[in-house]
Structures are given as C-alpha cells and as structure tokens.
Amino acid sequence: MHQECAYMASSFKEAVEKYASYGVDVERAMDGAAKIPLSMHCWQGDDVGGFETPESVLSGGGIQVTGNFPGKARNAEELRSDIAEALKFIPGRTRLNLHAIYGDFGGKRVDRNEISYKHFKAWVDWCSQMKMGMDFNPTYFSHPLAADGFTLSNRDKSVRDFWIEHGIACRKIAEKAGKQLGEAVIVNFWMPDGMKDIPADLMGPRLRMKESLDKIFSVKTSGKFEKDALECKLFGIGSESYVVGSHEFFMGYVVSRGKMLTLDTGHFHPTESVADKVSSVLLFVPEILLHVSRGVRWDSDHVVLFDDPTRDLMREIVRSGATERVHIGMDFFDGSINRIFAWAIGMRSARKALLSAFLEPGKKLLQAENCGDYALRLALMEESKTLPFAAVWEEFCRRHDVPNGLKMIEQIKRYERDVLSARS
Ligand code: RNT
Ligand code: ZN
C-alpha cells in the first residue's frame, strides 16, 4: 500500500474506534450523510445574470452580487461545464436548482410570461444524464416590470397579472420536468416586493400578494412531480423598511395552503438561529426548503462555511429525524472569487456539516439530558467537537472519488488557468 494511503487507512480506523466509544457508528453516519441531496444553485456560476439577453444584469430589487472575478459563464454550455467541474469536488447526492432566466432562449426575447418547457428541455436532459434531480425558481427580479419594487403585490393589475402568468408558467415547466426526471421539482417563490422607506399602507400589498399567489396555485399540479415553496425575508437592499413577504406572511400562507416554507439562513435578524426554527416549523408545515447561505452583517450571500450556524442547522435536521421533510438548497453568490471554488467550498461545507451532524453522539446526549445531567451533556458536546472528524471526511471523499484538500485546490486552479481565464 502507498505510504499516504496506509496512513489514511490507519487514521480512519482509529477514528472509527474513537467514535464507537461515544456510541457512534461511523459507517452509518457516512451512509446517512451521502444520501441527502444538496440542491446546487446554478446562479453562483454567473452572478445571477441568466441568459435572457446577451448582457442581462441583476437589477430591480432585493438582492445584489458584488465582485467581478474573470471567467463567469456566458451561456448555458459554459455554465453546464462549470457546474460539472465543481461537481467533481462535491461528494454525495446533488440536484440542480435553476432560475427561470436560465432557459435556452435561442437569442430571442422571450418574456417571462411566455416561457415554457421547451426552453428548459436541454437542462432537464442534462440533469437526467447527470443523474440529478432538478429544482426551479420563477424570477421576480431583473425585469422592467419589477423595477418599481412590486411584482405580485403591484398596485397595477396588469403588472400583477403578468407575474401571475410567470408563476403559472414556471409551475408547468417544473411539473413536466418532474415527470421527465421521475421525481418532484420544487418551485421556490421569492418576490422582492417591498419599500425602501416607511410605507403608509402595509396591508394593501400583502392582501394583493396573497390574492396573486392564490391565483397561481389555483392551477392544480400533481403534487407528485411539482411542489411549491415560499421564501420569507426580513429586509433587502432597497426594501429596508418593509418586505411584503415577511416571515409571518409566509408562515401564515404556507400553513393555510399546505405549502412548503423556505427558510433562507440570510433572511433573518443576524442573531436569530435558523436551526431553532426547524422543529417549530415542522410541526405545522408539511415540508421545509432551506436556502443555506451566509450573511455577513446582512443578507450578503457569502459562500457557506463549515461554521457553527451551518452545523447547528444540519444537526437539527438529523436530530429531528426530518431528513425526508427538509430539502436542502444552497443560496450564495460571490462574484469576487473563482466561482468554481465558491460552489465547491460552499457545498462541501454543507456536506461536512451533514456528516458531522450524523457523527454526533446523539444517544449519549439524550441519555444525559433525560437524566437531568446537564454537565455531562455539556461535556459530551464539547468533547465530541475534537473527535477525529478530518479522518472521516477524508475517507468519505475517497469513497466518493472526490479529491480533497490540496489536490482539490490544485485541480480547480488548473481549470481557472485553462478554462476560466480564456473567457474574456
Ligand atoms: C433573495 C432570495 C432568493 C434569491 C435567489 C436567486 O434574497 O434569497 O432566494 O437569492 O432566488
Ligand atoms: Zn434564498
């Protein structure tokens, strides 16, 4: 055996024993962590630009990308090639999360209310080829009819109708894609609607938003191949004072309509724990969609890290036995660094957090808590933080045939040199 391999094998063996002494089965943890799909957001690849017009840029409210690192994908082929490259470094099951602006529009102007399955067929075929499920998002921003900050809650009925048609079109595309792929496509609704300064009427837009959504969902889908999720938000750029789709708005909406709630980790007050919300929300909604992100002081969508909030969140999903009811999507976009690295780092971090969640000494912790021995509980939590996780992660990557550490870095750097830097 090669010296490095022998070393890895022995450190993994030691790790297995160490975890076993805490009552943790490493093999089961690795299986559990690999099975959970992570939905990879296409929009990290081109700074949420999309392919509607040659030079479409993110505009019209609510979100912002900063940075101008060279080599962003300029068309669907480049984006697919970049996604495939990033996937080489991401162990475990993945899905692909598309936005409606990423269709193959053949250089023609196809407005948002006119999009249909044919514009996304190439993506669906590709997903099927890559053995990935798909998710979908209507795009309620970067459009002249979103420029005043209101889409589904706009006071102008014709604008609302346009966006209602867009929502329906997206659900139809998703339904067909789901049928094609044999598993449900989750359609996530996020609308930037809101106000920079203090509104006089908070009720009006919310009422209109509710009515518009009801119209969108009055078109029935199978429920088997298409599912709807709605994403709340605290505030956005240009909507600092008022967001129509607040947490209470969408919590009420999804509970009363039997839809999925989307929790984006950047969409709450910075000191709020999204991990804490999982067990409450799951009691009242059928399923949750997560947008795993990293806010730095605000909803800045920094690359996800293997940090405490991410670990807390994944641990909570595993602890509550809700891995089937919580769908994990990624939502970060950093245009200031190599975008392949951004995907790889962010998604690997989420996967690491899942693996470490499965490695928690859950039984021992519960026993301690049930006996009221809180010192023991705290000691176990702290001691388990320094168990040999790295050895398990390395083995996990090895089994999934994914380069790790410096090898990963070297390969992505090579792609940067050979492919990205050749794009002007
Ligand atoms: C914006 C929301 C939304 C978007 C994507 C691109 O604050 O988080 O999910 O990031 O739809
Ligand atoms: Zn989001």
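Remember, it's 1-based here, ligands and their atoms both numbered in the order they're listed.
- With hydrogens and angles ignored, the 3.5 Å screen pairs a side-chain donor or acceptor of E272 with a backbone N or O of H269.
- At a cut-off of 3.5 Å, with distance as the only test, no side-chain donor of D135 or N188 sits close to an acceptor on the other residue.
- Residue D301 has no N or O atom closer than 3.5 Å to an N or O atom of ligand 1.
- The ligand atoms of ligand 1 that sit less than 4.0 angstrom from a heavy atom of F333 are 10 (O).
- When heavy-atom distances to ligand 1 are checked against a 4.0 Å cut-off, D299 comes that close only through its side chain, counted from C-beta outward.
- The aromatic rings of W393 and F389 sit parallel, their planes meeting at an angle under 30°, below the 60° perpendicular limit.
- Side-chain atoms of W43 and N97 include no donor-acceptor pair closer than 3.5 Å.
- If you look at D331 and ask which of its N, O or S atoms sits nearest the Zn ion (ligand 2), the answer is OD2.
- Of the protein's non-hydrogen atoms, the one nearest atom 9 (O) of ligand 1 is E231 OE1, 2.8 Å.
- Nearest protein heavy-atom contact of atom 1 (C) of ligand 1 is I63 CG2, 3.1 Å.
- Within the 2.8 Å limit, D301 places no N, O or S atom next to the Zn ion (ligand 2).
- Judged by a 6.0 Å distance limit and a 45° cone about the ring axis, K196 is not positioned over the six-membered ring of Y242.
- For the Zn ion (ligand 2), the set of nearby N, O or S atoms under 2.8 Å includes one belonging to H291.
- Nearest to the Zn ion (ligand 2), among the N, O or S atoms that E231 has, is OE2.
- If you number the atoms of ligand 1 from 1 as listed, the ones under 4.0 Å from a heavy atom of D264 come out as 8 (O).
- Few gaps surround CG on N370; more than 12 heavy atoms of other groups in view lie less than 6.0 Å from it.
- Residue contact check: H291 has heavy atoms under 4.0 Å from atoms 9 (O) of ligand 1.
- Judged by a 6.0 Å distance limit and a 45° cone about the ring axis, K210 is not positioned over the six-membered ring of Y253.
- A donor-acceptor distance shorter than 3.5 angstrom exists from the side chain of R95 to the backbone of M134, with no hydrogens or angles considered.
- Judged by distance alone, the side chains of D193 and S153 do bring a donor and an acceptor atom under 3.5 Å apart.
- Distances between N or O atoms of N188 and those of ligand 1 include no value under 3.5 Å.
- Ranking the protein heavy atoms by distance from atom 11 (O) of ligand 1 puts H99 NE2, 2.7 Å first.
- Contacts between H267 and ligand 1 below 4.0 angstrom, taking non-hydrogen atoms only, involve the side chain exclusively.
- A donor and an acceptor atom, one from each side chain of D125 and S128, are nowhere located under 3.5 Å apart.
- The protein heavy-atom contact nearest to atom 7 (O) of ligand 1 is K233 NZ, 2.6 Å.
- When hydrogens are left out, the protein atom nearest atom 4 (C) of ligand 1 is D331 OD2, 3.5 Å; that is the closest non-hydrogen contact.
- Looking at D264, its N, O or S atom nearest to the Zn ion (ligand 2) turns out to be OD2.
- If you check the side chains of E226 and T221, you find a donor sitting under 3.5 Å from an acceptor.
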